[in-house]
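Counting starts at 1 for both ligands and their atoms, in listed order. Any value given below was found using the heavy atoms of this structure, including those in side chains, with hydrogens, waters and symmetry copies removed.
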Amino acid sequence: MERYRINAFVARAMGISRRKADVLLKKRTRDFCINGRLFDGNLGLKVTGDDVVEFQGRRLRLPSPVYVILNKPRGYVSSMSDPHADRLVIDLLPQRLRRLKPVGRLDKETRGLLLFTDNSRIIHQLLHPKKAVEKEYLVTVHGRLTPLELDPVVNGMDMDDYRSLPAWARIERVSIEESVVRLIMIEGKKHQIRDMFAKIGHPVKDLVRIGFGPLRLGRLKEGSWRYLTDAEIKRLSRIAPVMR
Ligand code: URA
């Protein structure tokens with residue numbers, strides 16, 4: 001269970017900033033009760049959602065976690081802050097959602113499904129290799145790709161400092177100029193898809209993530225975001241327990 005510093009807990013539960021929560025905890029120390037005892041003013045205290053934190057006799061509860069998916073356009077950086085990036089994915093979310101964190105990253109030039117949440121426990125679980133969450137991509141590569149050339153991607157191949165795991169792949173379309181591959185893999189190493197296709201002699205032209213575990217990008221417009229539905233949250237919780 002996630003542990004919060006008391007000021008972070010109060011801030012989230014009361015919808016105020018941490019600074020305001022600090023002031024409140026200092027000025028109105030005796031208005032707070034933790035598990036039935038008057039708060040002693042220790043601002044280093046950590047609590048979980050199971051602890052009973054009360055303010056003036058009313059229990060403070062953490063709001064439910066928020067989950068949104070974004071259809072990331074090309075040219076946006078997936079980190080939360082980067083002094084060298086002119087465009088961050090978080091800029092595509094409204095101000096009130098800019099505290100959410102992306103579940104993993106997509107390269108600056110990659111498009112498609114990026115999940116955001118404030119549930120850091122689920123982020124950790126969804127990214128853990130043991131969970132083997134499948135990521136589905138449409139990969140457009142330069143040149144006419146043959147099934148034989150695709151074999152190393154499917155069977156696993158030696159990269160510079162690791163061997164890639166087997167993946168599922170199917171050639172969807174080919175022409176002289178380009179080929180489109182549907183690819184499902186559980187690994188997500190930095191630039192992995194770009195590096196693998198470069199290595200088999202067909203550099204990536206365009207990369208779109210269309211699926212992440214049970215989630216689908218669907219018809220969400222590029223640059224747009226939406227909340228997950230209850231059904232999607234339920235499906236996610238089959239992979240990792242979801243706090244409500
Ligand atoms: N693999 C890549 O090479 N890039 C991405 O953005 C995602 C997977």
Less than 4.0 angstrom from a charged side-chain N to a carboxylate O is my criterion; do E54 and R59 meet it?
no
Between K234 and E232, does any NZ, NE, NH1 or NH2 come within less than 4.0 Å of an OD or OE carboxylate oxygen?
no
Discussion item. Are L126 and I186 connected into the same hydrophobic cluster when the rule is that any two of I, L, V, M, F, W, Y join if their side-chain heavy atoms are below 4.5 Å apart?
Written reply: no
For H191, the ligand 1 atoms with a heavy-atom partner under 4.0 Å come out as 2 (C), 3 (O)
Here the atoms of ligand 1 under 4.0 Å from any heavy atom belonging to T110 are 4 (N), 5 (C), 6 (O)
Distance-only N or O hit between ligand 1 and K189, under 3.5 Å = no
To atom 4 (N) of ligand 1, the nearest of D107, L106, V204 on a heavy-atom basis is D107
With heavy atoms and a 4.0 Å threshold, my read on which part of I193 contacts ligand 1 is both
| message | Test your reading of the structure: does Y137 have an N or O sitting under 3.5 Å from an N or O of ligand 1? | response | no
At under 4.0 Å between heavy atoms, what of D195 touches ligand 1? The answer is neither
Practice item. Classify the side-chain pair R194/T110 by whether it contains a donor and acceptor separated by less than 3.5 Å. Key: yes
* Going by distance alone, is a donor N or O of one side chain under 3.5 Å from an acceptor N or O of the other, for E177 and H142? -> no
Note: ligand 1 atoms sitting under 4.0 Å from heavy atoms of R194 are 3 (O)
If we number the atoms of ligand 1 from 1 as shown, the ones under 4.0 Å from a heavy atom of L207 are 2 (C), 4 (N), 5 (C)
With heavy atoms and a 4.0 Å threshold, my read on which part of Q192 contacts ligand 1 is backbone
Review point. Judged by modelled atom types alone, do Q56 and D31 share a side-chain donor-acceptor pair under 3.5 Å?
Key: yes
When you check the side-chain N and O atoms of T146 and E149, is any donor under 3.5 Å from an acceptor? yes
